[in-house]
Asker: 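Could you have a look at this structure, given as structure tokens, before my questions?
So that the names make sense, note that chain A is the first sequence line, chain B the second, and so on, each numbered from 1.
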Amino acid sequence: MYVAVKGGERAIDNAHAWLAEARRGDVSVPELSVPQIREQMTLAVNRVMAEGSLHDPDLAALAIKQARGDLIEAIFLIRAYRTTLPRFGASEPLDTGAMAVSRRVSATFKDAPGGQVLGPTFDYTHRLIDFSLAAEAQANPQAETAEAPPPPRTPHIAEFLDAEGLLQPEREDAGAGAPPDLTRQPLAFPATRALRLQALARADEGFTLSLAYSTQRGYGRNHPFVGELRVGVVAVEAEIPELGFAVEIGDIELTECETVNQFAGSKTEPPQFTRGYGLTLGHCERKAISMALVDRAMRWQELGEDFAGAPAQDEEFVLSHCDNIQATGFLEHIKLPHYVDFQAELELIRTLRREAAAGPDPVKEAAE
Amino acid sequence: MTPQDTEYNFAYLDEQTKRMIRRALLKAVAIPGYQVPFASREMPMPYGWGTGGVQVTAATLTPEDTLKVIDQGADDTTNAVSIRKFFQKVAGISVTEKTAEATVIQTRHRIPERDLEAGQILVYQVPIPEPLRFLEPRETETRKMHALAEYGLMHVKLYEDIARHGHIATAYAYPVLVEGRFVMDPSPIPKFDNPKLSNSPALQLFGAGREQRIHAIPPFTRVVSLDFEDHPFERGGADADCAICAASGVYLDEVIVDDAGGRMFVCSDTDHCRERLEAGHRGPMGAPAEGEAA
Amino acid sequence: MTAPLLSVEHVTRRYGPRIGCQDVSFELWPGEVMGIVGESGSGKSTLLSCISGQGDPDEGRVVYDARDLGPVDIREMSEPRRRMLMRTDWAFVHQNPRDGLRMTVSAGANVGERLMAVGARNYANIRAQATDWLGKVEIDEGRVDDRPAAFSGGMQQRLQIARNLVTGPRLVFMDEPTGGLDVSVQARLLDLIRGLVRELGLSAVIVTHDLAVVRLLADRLMVMKDGRRVETGLTDQVLDDPQHPYTQLLVSSVLQA
């Protein structure tokens, strides 16, 4: 006697229990604490904050712990949490010129006011596994600190080119008004640059990186130079309606990248440099640079350039596929049961095969 | 009723968000078959697992509602269980497996066998709302095609099916024309269910979370499956009766029963099957219904 | 009194400091075939895109004598009307058939698409008309279910023509219709186009760099250089007795070749 399969509910409960056990791993190994993740897995925490678009290192660290180190899963947890938070208001535009920089490099000038600050970078390390890190207790590493206090402002490299008229000034999108909010309005095409940047800021790092890379290899090439890459802490100010003026409500770490790109000139403008722009929460420089390249590639229309058919130029392609939470959800949903549709396909295939076997060619028949 | 988890607003979403979704729903009802963009929220389940349907359900539910959730026609499939539990937790509403008792039914891939009634709302989970998407990938272009009712391309696809197979080879997500104006994707229900879309007394709402679209079929709306005059729409379906309840003319799942490839067909709609068993119908493999002496 | 089918008035299109085409005017009368010749970069393709509604001129206008509306500036028509016009009353034959065909659907569906776009819903009729048109463009009717990818270049071009003419358009734009084909294939295609144009009484604008094409097809000829019109006249007159030095050069270079 056949009894239809039941017990989905029990199966789910058991699976969740097993997940919790697997998350903890071998209990003879000490459990990770959230502060440990926050302090020692900082770049993972930063990526989760950037793509989760929520600046909260403790929460991001907790999400990483809960997600067993699966960063996309952790980003997902942050996004789902973020969407429940009430929206009190919008901050004033951030002044990244007043950033307390921990890293600031320019590839276009040997030196510039404010100096080149390497900061905590992997750039010039030799990628050799450091077995000494496997040892448990180590002396606390300590870097030297500059004696002079950091300058209150570090000017943007772009300002120097701007002053000479070599760099196209950034224009506001015509008639755009306040920047749209991707998390409160449906994505609509054609997208303004503000909307594209917003989507890219939340976009998957790997996807953005590969797109940017493809532009370097000729698919929508835009000849970028890293005009400036800076990482540091910026004050966030918000206007409090009751007070009538803006007050500082906290500090956040940001990564900002401005690329300087060649531009041949258009109907109305002489040749000059143009900009690609990248900005992320936390220290995520690979992402910020990638973002700037993809931003610039998508500006072809506004700048009167040719559409080369490159994926990175195609805003519908980029914006519709850059969000890893959308992507992973839709991809993984094919694990769900689809047997009703499959049954319909099964019947169709059987019918077609039966008719094919039975004889006169149905195509010819249909033609008559 | 289960006590609602008070950490969350009723039905999880905040009131502003629900209002935004309701505005989109009203617009969708006013323009049957038209895809209304809405600012889909991130939900605590992944995109592709019913976030659109969950948001529509959340915006539709009242504390007095009784919710039924099905996936593949069944109440007991894992994702249906998960969504039902979610709403029990965040809305504290009553739930049921009985189609007749439900005021809101969220579904993935099926329309219940039992005729729906006035006052019931059927909420579909939709993966890709755009029926033209696989013919024309560009949103700007497909929106224009809808605006101008340029649907020639859709028939090119159907023509091609007939030329190659002698049949329209679309078995599910079979495109329909709603009230003579908009071509609509009815979500991946088998085409067997298409006739039930038309002229239903119930309100049918479709939510696509990842794609940020809502569309609707108001009660008593004419919904026609696309076809050719000389190759009319065929409903299809297995040529068998349910092995458990002996139902005929219903959508059947094919179940493999042994290693030798033995097969049987059973109702995809588990509630319908149960109802028939309780009414005394028996197929060759019919077990006594729960509650009856085993 | 008849009106011109198409009036092109002072059409100018620039690309930055570079001129696409400048101040070009001409009239096309019902049943007339106009040839536009010039070397690459002469502006003939830019002009064609402006007058066929695919690109926007910076200055000037294009007036079409629509069946139901009478003479109308095509830029002032509503988009639905313009698109309807472009898929019923107009046709556009691209140089590369891939730009004008759907390569992933059968020849029959390619021809049938325009019929279905204007509401045809009977499969057998659509198929019969498609098959009939394949015959008219000398494609074996047995290939109605083959995809254009399996066709030779010449067949693809003929299929593109059938796909365009099935709705009985009055005006056909052709952009280098014989470009990229072997000489023998070109001759056959030209013959076919000439037959169809005469038989159906089509008006046409044909852009080409090939004087043999216009000699065979065009009633009138316009010669372009550097975005401007340098000479216009009856085809035989321009080719046999060119007035402008550039036309003389063009004609003599062909004769030598």
Side-chain angles (χ1 to χ4, degrees), chain A residues 1-9 11-12 15 76-77 79-84 86-87 181-190 316-317 320 323 325-334 336-349 351-352 355-356 361-363 365-367, chain B residues 8 12 14 37-44 46-49 51 71-73 76-82 85 109-110 127 138-140 162-167 169 171-173 188-192 210 212-213 231 236-238 243-244 251-255 257 264 266 268 270 273 285 287:
Chain A
M1 182 167 296
Y2 174 79
V3 180
V5 182
K6 288 262 176 189
E9 192 155 347
I12 290 179
F76 184 12
L77 290 168
R79 291 270 193 94
Y81 175 76
R82 178 191 193 275
T83 198
T84 65
R87 196 69 59 100
D181 183 346
L182 194 57
T183 66
R184 286 292 184 266
Q185 291 152 3
L187 184 57
F189 296 111
E316 284 204 28
F317 179 84
S320 301
D323 190 288
I325 302 308
Q326 291 177 353
T328 198
F330 199 52
L331 181 100
E332 295 195 43
H333 106 282
I334 62 176
L336 288 176
H338 282 79
Y339 55 78
V340 158
D341 291 346
F342 185 71
Q343 184 68 39
E345 291 272 72
L346 211 53
E347 280 157 19
L348 181 67
I349 292 283
T351 306
L352 296 178
E355 286 176 0
D361 186 355
V363 172
E365 211 170 42
Chain B
Y8 299 96
Y12 188 76
D14 62 278
F38 83 111
S40 176
R41 297 292 193 258
E42 257 118 3
M43 298 301 286
Y47 287 112
W49 302 56
T51 54
D71 184 344
Q72 315 295 302
D76 196 46
T77 35
T78 45
N79 202 41
V81 170
S82 158
K85 277 175 90 174
H109 296 192
R110 272 312 311 275
R138 252 161 222 294
E139 177 71 15
T140 36
I162 300 171
R164 289 172 62 197
H165 308 296
H167 285 273
Y172 59 90
I189 57 172
K191 66 177 178 174
F192 180 87
R210 188 180 41 78
Q212 308 187 314
R213 295 292 182 274
H231 283 267
I244 298 175
Y251 197 76
L252 298 170
D253 293 335
E254 187 170 331
V255 182
V257 289
M264 59 183 278
V266 298
S268 143
T270 49
C273 202
M285 309 288 264

Asker: Could you look at A:L331 and say if it's the side chain, the backbone, both or neither that has a heavy atom under 4.5 Å from chain B?
Answerer: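 Looking at A:L331, nothing touches chain B.
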
Asker: Answer with side chain, backbone, both or neither: which region of A:Q343 has an atom nearer than 4.5 Å to a non-hydrogen atom of chain B?
Answerer: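 A:Q343 touches chain B through backbone and side-chain heavy atoms alike.
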
Asker: Between B:I189, B:T78, B:L252, who has the most heavy-atom pairs with chain A when the cutoff is under 4.5 Å?
Answerer: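 Looking at each option in turn, the highest pair count goes to B:T78.
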
Asker: Using a 4.5 angstrom heavy-atom cutoff, name the option from A:R184, A:R82, A:R87, A:E332 with the most pairs to chain B.
Answerer: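 Top option by heavy-atom pairs under 4.5 Å: A:R184.
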
Asker: For the backbone of A:E316 and the side chain of A:S320, can you confirm whether one donor and one acceptor N or O come within less than 3.5 Å of each other?
Answerer: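 Indeed, once roles are kept as given, a pair shorter than 3.5 Å links the two residues.
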
Asker: Side chain, backbone, both or neither: which part of A:F76 has a heavy atom under 4.5 Å from chain B?
Answerer: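 Side chain only.
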
Asker: Heavy-atom distance under 4.5 Å to chain B: side chain of A:I325, backbone, both or neither?
Answerer: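 For A:I325, backbone and side chain are both near chain B.
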
Asker: Identify which part of A:E345 has an atom lying under 4.5 Å from any heavy atom of chain B, answering side chain, backbone, both or neither.
Answerer: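 For A:E345, the contact with chain B is made by backbone and side chain together.
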
Asker: Tell me yes or no: between the side chains of B:N79 and B:T77, is some donor less than 3.5 Å from an acceptor?
Answerer: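 Short answer, no.
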
Asker: Looking at A:L182, A:L187, A:T328, A:D181, which has the largest count of heavy-atom pairs under 4.5 Å with chain B?
Answerer: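 If we count pairs closer than 4.5 Å to chain B, A:L187 comes out on top.
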
Asker: Is A:T183 in contact with chain B via its backbone, its side chain, both, or neither, using a 4.5 Å heavy-atom distance?
Answerer: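 The backbone, not the side chain.
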
Asker: Output, in order, the C-alpha distance, side-chain angles, deciding distance and verdict of salt bridge (Lys or Arg N to Asp or Glu O under 4.0 Å) for B:R110 and B:D253.
Answerer: CA-CA 12 Å; B:R110 272 312 311 275; B:D253 293 335; over 6 Å; no

Asker: Pick one of side chain, backbone, both or neither for A:T351, based on which atoms fall under 4.5 Å of a heavy atom in chain B.
Answerer: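 Side chain only.
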
Asker: Please work out whether the ring planes of B:F192 and B:Y251 are parallel, tilted or perpendicular, with thresholds of 30° and 60°.
Answerer: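 Geometry flag for B:Y251 against B:F192: tilted rings.
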
Asker: Quick one: of A:Y339, A:Y81, A:F342, A:F189, who has the most non-hydrogen atom pairs under 4.5 Å with chain B?
Answerer: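 The option with the most such pairs is A:Y339.
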
Asker: Could you check which of A:I334, A:D341, A:V340, A:T83 has the highest count of heavy-atom pairs closer than 4.5 Å to chain B?
Answerer: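 Heavy-atom pairs under 4.5 Å are most numerous for A:D341.
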
